[in-house]
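Everything on this sheet refers to the single structure shown next.
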Amino acid sequence: MSEKRESLNFLEQIIEEDLKNGKYTSIQTRFPPEPNGYLHIGHTKAIWVNFTIAQKYGGKTNLRFDDTNPSTEETIFVENIQKDIKWLGYEWDNLFFASDYFEQLYNFAEQLIIKGFAYVDDLTSEEIAELKGTPTSPGKNSPYRERTVDENLAIFRDMRAGKYKDGEKVLRAKIDMGHTNMLMRDPLLYRIKHQHHHKTGDTWCIYPMYDFAHGQSDSIEEITHSMCSLEFIHHRPLYNWFIEKLGIYPSKQREFARMNVSYMITSKRKLKKLVENGIVTGWDDPRMPTVAGMRRRGYPASGIRLFCEKTGIAKRNNLQEIALLEACIKEELNKTCHRMMVVNDPVKLTIKNYPEQTHETLSAINNPENESDGERELIFSKHLYIERADFMEDAPKKFFRLSPGRNVRLKNAYIIHCESFVKNDEGQIEEIICSYYPDSKSGSDTSGVKAKGTLHWVSQEHAIPCTIREYDRLFKTEAPGTTEGVDFLDEVNEKSLVINKKAYMEPALHTYPKGETVQFMRIGYFRIDEDSTNDEFIFNRTVLLRDSWKKG
RNA sequence: UUUCCUGUAGUGUAAUGGUAGCAUGUUUGAAUUUGGAUCAAACGGUAGGAGUUCAAGUCUUCUCAGGAAAACCA
């Protein structure tokens, strides 16, 4: 009888309030990456927040590259970031660059000078830091703070004209050197950098700092809700100060907690070190938390989106469990992946009452979750491979698989009975001898025989060898890089990649294209890697069906 | 020692001042042509004190705990 109120996160509550009281009539958001690296799992949350909230309220989202530091930014990152955002399933309404606004920002700076809110400082960076004070003690005014408007204007124009060297002068806001918020202690607005910019070339030799570019860029684009991570909360008073002093469009900054994921790192510096030290093969190594890495691992974009949705938005520092990420990935993969049979660690199995020279074709449903995916053919014969782990000489009661005297169903085929086994000189099982019940065929079983478990298998003669890259989490510790005195490189899981070259796959897999993800029945999800050739089929392990970390 | 932010099951995230819910996790069970998925059940929570109130996870205040803030980075 009573309608269930939809629960809103705090950002949605703010937006609904703003819309209701007419503060804004529509909303506009933005995703503002700096083009100096690759997007990672942390960015996906920011992307998700900005795009889905705008979508929900019929608003728009811009992609804006925050390219105010020519020393670190490159075109290659601009391209990759766009590719990743599209892959994640989002489309921006406008593509902008902070550098599009350089002229406008310069004019803003002159306006501030004219109004007496900015001045040129000749101090060195060390001297500026010295006078800045500390969080607990106030700073002191620069001796250059009281220059006249005309003098400031003249020098600032000379700065733009290239009359000074890097570091010789800076433009600062004139706020309050005694402010409790250190960002309000006359922050730097412009610095001199005689450096080529990826977009503006050599047009400029002065570049605005983040604080003087970000809020004004938001304002120029009439961003209503500028949503960023908690670390920028101290910047908000400054963000508002510029907008107020310049009398421009009143964008509002709102902060939410960034998403951290257990066993992952997102520090750009540390990720770079992994690549440089050869611990991973590159930025798109399937173990990397980058969008490129997750894509190659086989994580579907829909699963990543689902993860962002399920983890929610709040203002508390959080560490999301990787198990939840993997649950989301599996939930999506389960809907779409074909169920295939691949034996990872083969042991021979011979069916003694099955004719030697013949084989038969059986049919298998590609995906029971999606009937329209149809069926495919399997080849069954006397000589098979099954998983070594699916046989136990002395099995406990709870072991549902093969053991002497026990029955088991071979998936899509027959129920077999284990008669005996053969060991080699080292005491290792070499061959398992079984008999089969001819009238127990899947789909037309009239045998009445019971089998507790079901095993996957391949035919020795028909199976195709393949390589499996068994990826695991990159780190051994839940929050790598956060323990004092411990180098994060020492926390790397040395078994994060095991290459398995002894596996056999069912023949039908041969026709599946690179980039396709399938389920290896009873094992997990695997993606056909781009490194595959006609001679070698290579799979990347995306995620296991069951979490093996807690057991054993 | 200053300022700001945040404290709800193991981990996350909800709850016009009025039934602490959901997901994940763990365990067990049912069913099953995957020890998956599905279904069912169990486990497990408001940091502490004081105040306001008929009623506080929610409002006020104090304590405690965690995080953040010093770059010519964003």
Side-chain angles (χ1 to χ4, degrees), chain A residues 5 7-9 32-34 36-37 66-69 71-73 98 121 123-125 128-130 132-139 166-172 179-185 187-193 206-207 209-211 213-214 228 230-237 255 257 259 262 268 309-328 330-331 333-335 339 341 364-365 368-369 390 398-401 409-413 415 440-443 445 451-456 478 519-525 544-547 550:
Chain A
R5 270 171 44 104
S7 88
L8 302 174
N9 63 56
E34 186 191 8
N36 72 345
D66 232 330
D67 56 350
T68 58
N69 185 357
S71 336
T72 56
E73 295 153 3
D121 200 340
L123 257 29
T124 65
S125 67
I128 290 175
E130 182 70 32
K132 204 125 211 189
T134 69
T136 54
S137 62
D166 285 11
E168 215 172 324
K169 293 184 189 308
V170 291
L171 184 72
R172 300 179 72 177
H179 205 286
T180 53
N181 180 343
M182 292 201 63
L183 290 165
M184 297 295 273
R185 318 237 263 230
L188 270 64
L189 271 35
Y190 269 89
R191 75 286 214 193
I192 300 169
K193 270 180 186 280
I206 56 171
Y207 292 95
M209 299 287 289
Y210 164 84
D211 285 303
H214 197 93
C228 60
L230 240 36
E231 58 191 297
F232 290 98
I233 200 159
H234 303 278
H235 295 250
R236 174 136 60 129
E255 311 82 14
M259 180 176 73
S262 63
K268 233 174 248 179
E309 189 186 323
K310 285 194 175 184
T311 49
I313 311 171
K315 295 175 85 163
R316 305 153 60 175
N317 297 318
N318 59 80
L319 183 64
Q320 304 290 346
E321 287 182 333
I322 198 165
L324 180 58
L325 205 209
E326 292 179 341
C328 292
K330 284 185 271 190
E331 187 172 334
L333 257 16
N334 183 48
K335 297 178 191 166
R339 273 57 171 174
M341 295 208 280
I365 294 167
E369 308 284 326
D390 283 339
K398 294 286 264 182
F399 188 78
F400 301 150
R401 291 163 275 173
R409 172 167 298 279
L410 293 177
K411 181 73 185 171
N412 294 306
I415 293 176
S440 68
K441 189 167 166 178
S442 283
D445 185 353
K452 195 84 171 142
T454 304
L455 307 187
H456 60 279
E478 203 174 36
Q519 184 191 101
F520 288 1
M521 216 174 278
R522 302 206 304 132
I523 299 175
Y525 295 95
L544 255 9
L545 250 24
R546 298 184 301 276
D547 185 5
K550 300 208 168 90

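The sequence lines fix the lettering, A, B, ..., with proteins before strands; numbering per chain opens at 1.
- Using C1' as the reference atom, A69(B) and A74(B) are 15 Å apart when rounded to the nearest Å.
- Counting distance only, with no hydrogens placed and no angle test, the side-chain atoms of T136(A) and the base atoms of U1(B) include a donor-acceptor pair under 3.5 Å.
- We find the CD-CG distance between E369(A) and L333(A) to be 12.0 Å, quoted to the nearest 0.5 Å.
- For an aromatic pair to be called close, the ring centres must be under 6.0 Å apart, and F232(A) with H214(A) fails this.
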Exercise for review: Could you please spell out the steps behind the side chain to side chain contact (heavy atoms under 4.5 Å, CB included) verdict for H235(A) and Y210(A)?
Suggested key: CA-CA 10 Å; H235(A) 295 250; Y210(A) 164 84; 4.0 Å; yes
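- Within the model, atoms CE of M341(A) and NZ of K411(A) stand 8.5 Å from one another, a figure rounded to the nearest 0.5 Å.
- Here the straight-line distance linking atom CZ of R185(A) with atom NE2 of H179(A) works out to 9.5 Å at 0.5 Å rounding.
- Regarding K310(A), its NZ atom lies at a distance of 8 Å from the P atom of A23(B), rounded to whole Å.
- The main-chain N or O of I415(A) is found under 3.5 Å from a side-chain atom of S440(A) such that the two form a donor-acceptor pair.
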Please produce a list of atom pairs where a protein N or O lies less than 3.5 Å from an N or O of nucleotides 36-39 of chain B.
residue, atom, partner, partner atom, Å
G36(B), N2, N334(A), OD1, 3.1
G36(B), N2, R339(A), NH2, 2.9
G36(B), N2, E369(A), OE2, 3.1
A37(B), O2', N334(A), ND2, 2.9

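- L545(A) CG to Y525(A) OH: the interatomic distance, rounded to the nearest 0.5 Å, is 5.5 Å.
- N181(A) places a side-chain N or O within donor-acceptor distance of the main-chain N or O of H234(A), the cut-off being under 3.5 Å.
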Revision key, fill the gap. Protein-proximity profile, nucleotides 65-74 of chain B, B/S/- by nucleotide at the 4.0 Å heavy-atom cutoff, equals --SBBB-BSB
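- Among the atoms of the strands shown, only primed sugar atoms or phosphate atoms (P, OP1, OP2) are found under 4.0 Å from some heavy atom of K315(A).
- Atom CD in Q320(A) sits roughly 13 Å away from atom P in G25(B) (whole-Å rounding).
- One P atom belongs to U11(B), the other to U26(B), and the distance between them is 15 Å to the nearest Å.
- Here the CG-CD1 distance, from D121(A) to I128(A), works out to 4.5 Å after rounding to the nearest 0.5 Å.
- Between the P atoms of G49(B) and G57(B), the separation comes to 12 Å (whole Å).
- The backbone N or O of E255(A) lies less than 3.5 Å from no partner atom in the side chain of K315(A), so there is not a single donor-acceptor pair.
- Comparing U19(B) with G12(B), their P atoms sit 26 Å apart, to the nearest whole Å.
- Separating the CG atom of N318(A) from the P atom of U11(B) is a distance of 12 Å, rounded to the nearest angstrom.
- If you take NZ of K452(A) and P of U34(B), they are 13 Å apart, rounded to a whole angstrom.
- A donor-acceptor pair under 3.5 Å links the side-chain atoms of D67(A) to the main chain of A98(A), judged by distance alone.
- Distance check on atom C1': U58(B) versus G21(B) gives 15 Å, rounded to whole Å.
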Check your understanding: Can you list the steps and then say if R409(A) with S442(A) is a side-chain hydrogen bond (donor to acceptor under 3.5 Å, both in side chains)?
Key -> CA-CA 9 Å; R409(A) 172 167 298 279; S442(A) 283; 3.3 Å; yes
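- The CD1-P distance, from I313(A) to U6(B), rounds to 15 Å in whole Å.
- If you check every strand for non-hydrogen atoms under 4.0 Å, R401(A) touches a base.
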Review point. Which string of ( ) [ ] | and . matches RNA chain B, if you list each base 5' to 3' and count Watson-Crick or G-U pairs only when both distances are under 3.5 Å?
Key: .((((((..((((....[..))))((((((.......))))))...(((((..]....))))))))))).....
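- In this structure, CZ on R522(A) lies 5.5 Å from NE2 on H456(A), to the nearest 0.5 angstrom.
- Atom CG in L324(A) sits roughly 8 Å away from atom P in G25(B) (whole-Å rounding).
- Between U61(B) and U53(B), the two C1' atoms lie 16 Å apart (nearest whole Å).
- Between C43(B) and A47(B), the two C1' atoms lie 22 Å apart (nearest whole Å).
- Going from the C1' atom of G45(B) to that of U13(B) covers 13 Å, rounded to whole Å.
- Summarising the geometry, the separation between CE on M341(A) and C1' on U34(B) is reported as 10 Å, rounded to the nearest angstrom.
- Atom CG of L410(A) is separated from atom C1' of U34(B) by 13 Å (rounded to the nearest Å).
- Within 4.0 Å of I365(A), counting heavy atoms only, lies no atom of the nucleic acid at all.
- Out of G35(B), G12(B), U24(B), the shortest distance to the side chain of F400(A) is found at G35(B).
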